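Since the structure comes first, as structure tokens, the remarks are kept for the end.
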Amino acid sequence: MTDSPADATPYEVLGVPSTADDEELRRAYRRAARESHPDLGGDAQSFRRVQLAWERIGTPAARRAYDAGSRPTSPPAREHGASPSGSSAWGHGSPRDAYAPPTARRDSRPRARSHGHPGGRSREVFLQAEREWVGLGDPIEDPYDPALVRSAPRHIRRLLGEALAEEATASIVADMGIGVTVWHDLDAGPEGKLDHAVLTNSGLWALESIDWGGPVRVEGGEIVGETLAPGERPVKELVRAARAVQKQTRVRFTGRILVVPDSAVDEDVQLVGPQRKPTAFIVKRSALAYVLSGALSPVGSVDVFDVRDRLQQTVRFV
């Protein structure tokens with residue numbers, strides 16, 4: 001369990017409402033620990049999640065701190081280019097800032113050329129859904145207050161998790177330097193949007209940044225996992241969005257990449273589809289810069305200037 005809004009809350013892990021009293025909480029913990037214990041037919045990952053949940057809300061003091069929106073005292077290790085919440089490390093510090101939009105960097109290092117607003121559309125959708133959940137007539141003083149976010153239904157928290165994931169990818173790509181160009185939130189017509197198009201010397205890559213708040217695996221040419229929404233088909237959706245942008249711009253993508261949190265998968269890079277011509281690649285966030293730098297395609301395989309000019313003239317944003 002990380003500090004991503006897409007993750008199950010400690011209450012959800014233990015299977016109790018946030019209004020449960022201390023005795024209900026203890027009973028739920030004992031039951032969950034027994035059911036998930038590896039020696040009793042469970043698995044180590046589930047058992048660890050139960051223990052982490054108990055650490056966060058198992059004592060009155062810890063529970064008060066969690067309910068108030070405080071971060072855990074020992075946050076998980078950072079992935080490259082991201083804060084423990086999965087958001088981009090662009091000036092976040094306080095618990096509230098873990099979910100707020102990133103602030104501009106102040107250092108003078110050369111950055112990738114960037115067009116569009118990473119995570120912008122996903123944040124708009126999250127804010128609208130949160131407003132409807134709270135109630136249209138009720139004021140929201142701070143939509144990114146951790147206590148408010150954590151109390152929201154998981155499908156709403158996941159919308160914010162998607163925005164943070166997109167911003168984390170943008171942060172990593174920005175650090176790749178001025179030789180890279182990235183377009184964010186590209187209009188894919190009826191297919192919605194494509195999160196990113198990244199142009200490097202190794203090619204033009206169509207990227208989706210996703211955080212399901214749980215582990216996933218590749219099965220039957222698609223990504224599956226307990227936390228995916230019913231009927232969700234991430235690989236198919238990425239292919240359709242990339243094709244829509246490709247048709248609109250008449251610029252062909254070298255490949256398609258789903259960027260996921262490090263905790264979601266075991267391998268840095270996984271192929272979906274046949275090895276000679278994969279449908280997409282599943283890439284850990286910490287391995288993204290390495291992959292885009294030429295691990296999947298030889299450097300110099302595209303005319304960067306020609307592709308950049310053609311895409312810049314034809315791309316549309318949502």
Side-chain angles (χ1 to χ4, degrees), residues 80-82 87-90 101-123 162-189 191-210 238-260 269 280-281 283-318:
H80 173 77
S87 61
S88 56
W90 291 6
T103 56
R105 292 177 173 176
R106 299 181 182 279
D107 61 79
S108 58
R109 287 179 296 165
R111 302 291 179 191
R113 297 178 176 88
S114 180
H115 307 278
H117 189 170
R121 179 59 179 163
S122 294
R123 283 191 178 273
E162 290 181 5
L164 295 172
E166 293 170 36
E167 291 162 3
T169 292
S171 178
I172 293 169
V173 173
D175 282 340
M176 294 181 66
I178 200 168
V180 174
T181 305
V182 55
W183 294 262
H184 304 287
D185 274 4
L186 292 80
D187 184 2
E191 305 302 331
K193 75 181 182 76
L194 179 66
D195 290 349
H196 325 271
V198 182
L199 177 62
T200 73
N201 286 333
S202 68
L204 177 66
W205 301 92
L207 271 63
E208 287 286 313
S209 303
I210 308 182
L238 169 58
V239 170
R240 286 179 170 178
R243 284 176 177 169
V245 172
Q246 201 166 265
K247 183 178 180 180
Q248 170 198 319
T249 62
R250 300 188 181 279
V251 178
R252 183 173 295 276
F253 285 107
T254 304
R256 297 173 283 261
I257 295 174
L258 280 158
V259 187
V260 301
V269 182
F281 299 91
V283 177
K284 280 186 178 182
R285 190 177 294 157
S286 61
L288 180 60
Y290 167 73
V291 167
L292 291 176
S293 295
L296 301 180
S297 181
V299 172
S301 58
V302 297
D303 185 334
V304 172
F305 298 103
D306 177 59
V307 172
R308 186 171 63 204
D309 288 346
R310 285 192 288 142
L311 194 58
Q312 189 64 17
Q313 292 172 14
T314 55
V315 71
R316 296 196 301 262
F317 301 98
V318 296

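Just so we're clear, the structure is a prediction, and the values are computed from it rather than from any experiment.
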Report the distance from atom [atom1] of [X] to atom [atom2] of [Y], rounding to the nearest 0.5 Å.
X: H196; Y: E208; atom1: NE2; atom2: CD; answer: 7.5 Å
X: D185; Y: L194; atom1: CG; atom2: CG; answer: 9.0 Å
X: F281; Y: L258; atom1: CZ; atom2: CG; answer: 11.5 Å
X: D187; Y: R121; atom1: CG; atom2: CZ; answer: 10.5 Å
X: K247; Y: E191; atom1: NZ; atom2: CD; answer: 10.5 Å

Would the distance check show the side chain of [X] and the main-chain N or O of [Y] forming a donor-acceptor pair, the cut-off being under 3.5 Å?
X: R109; Y: D175; result: no
X: T314; Y: R310; result: yes
X: T254; Y: W205; result: no
X: Q246; Y: F253; result: yes
X: S297; Y: G203; result: no
X: T169; Y: S209; result: no

Problem - For the student: nearest non-hydrogen atoms of S202 and L292, plus distance - result: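 Residues S202 and L292, closest heavy atoms: OG-O, 2.9 Å.
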[X] vs [Y] side-chain heavy atoms within contact, under 4.5 Å:
X: L199; Y: L311; answer: no
X: I172; Y: R285; answer: yes
X: V304; Y: N201; answer: yes
X: L207; Y: L288; answer: yes
X: V180; Y: R113; answer: no
X: L204; Y: V251; answer: yes
X: I257; Y: V291; answer: yes
X: R316; Y: Q248; answer: yes

Handout entry: Whether W183 and H115 hold their rings parallel, tilted or perpendicular, with breakpoints at 30° and 60°
Key =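 Rings of W183 and H115: parallel, under 30°.
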Problem - Within 6.0 Å of CZ in R256, more than 12 heavy atoms from elsewhere - result: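 Counting other residues, nucleotides and ligands, CZ of R256 exceeds 12 neighbours.
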Exercise for the section: Determine, for K193 against D195, whether the closest basic-nitrogen to carboxylate-oxygen distance falls under 4.0 angstrom. Expected result: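 Looking at K193 and D195, the cut-off is met.
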Handout entry: Salt-bridge contact R123-E166 (side-chain N to carboxylate O under 4.0 Å)
Key =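 No, no charged N to carboxylate O under 4.0 Å.
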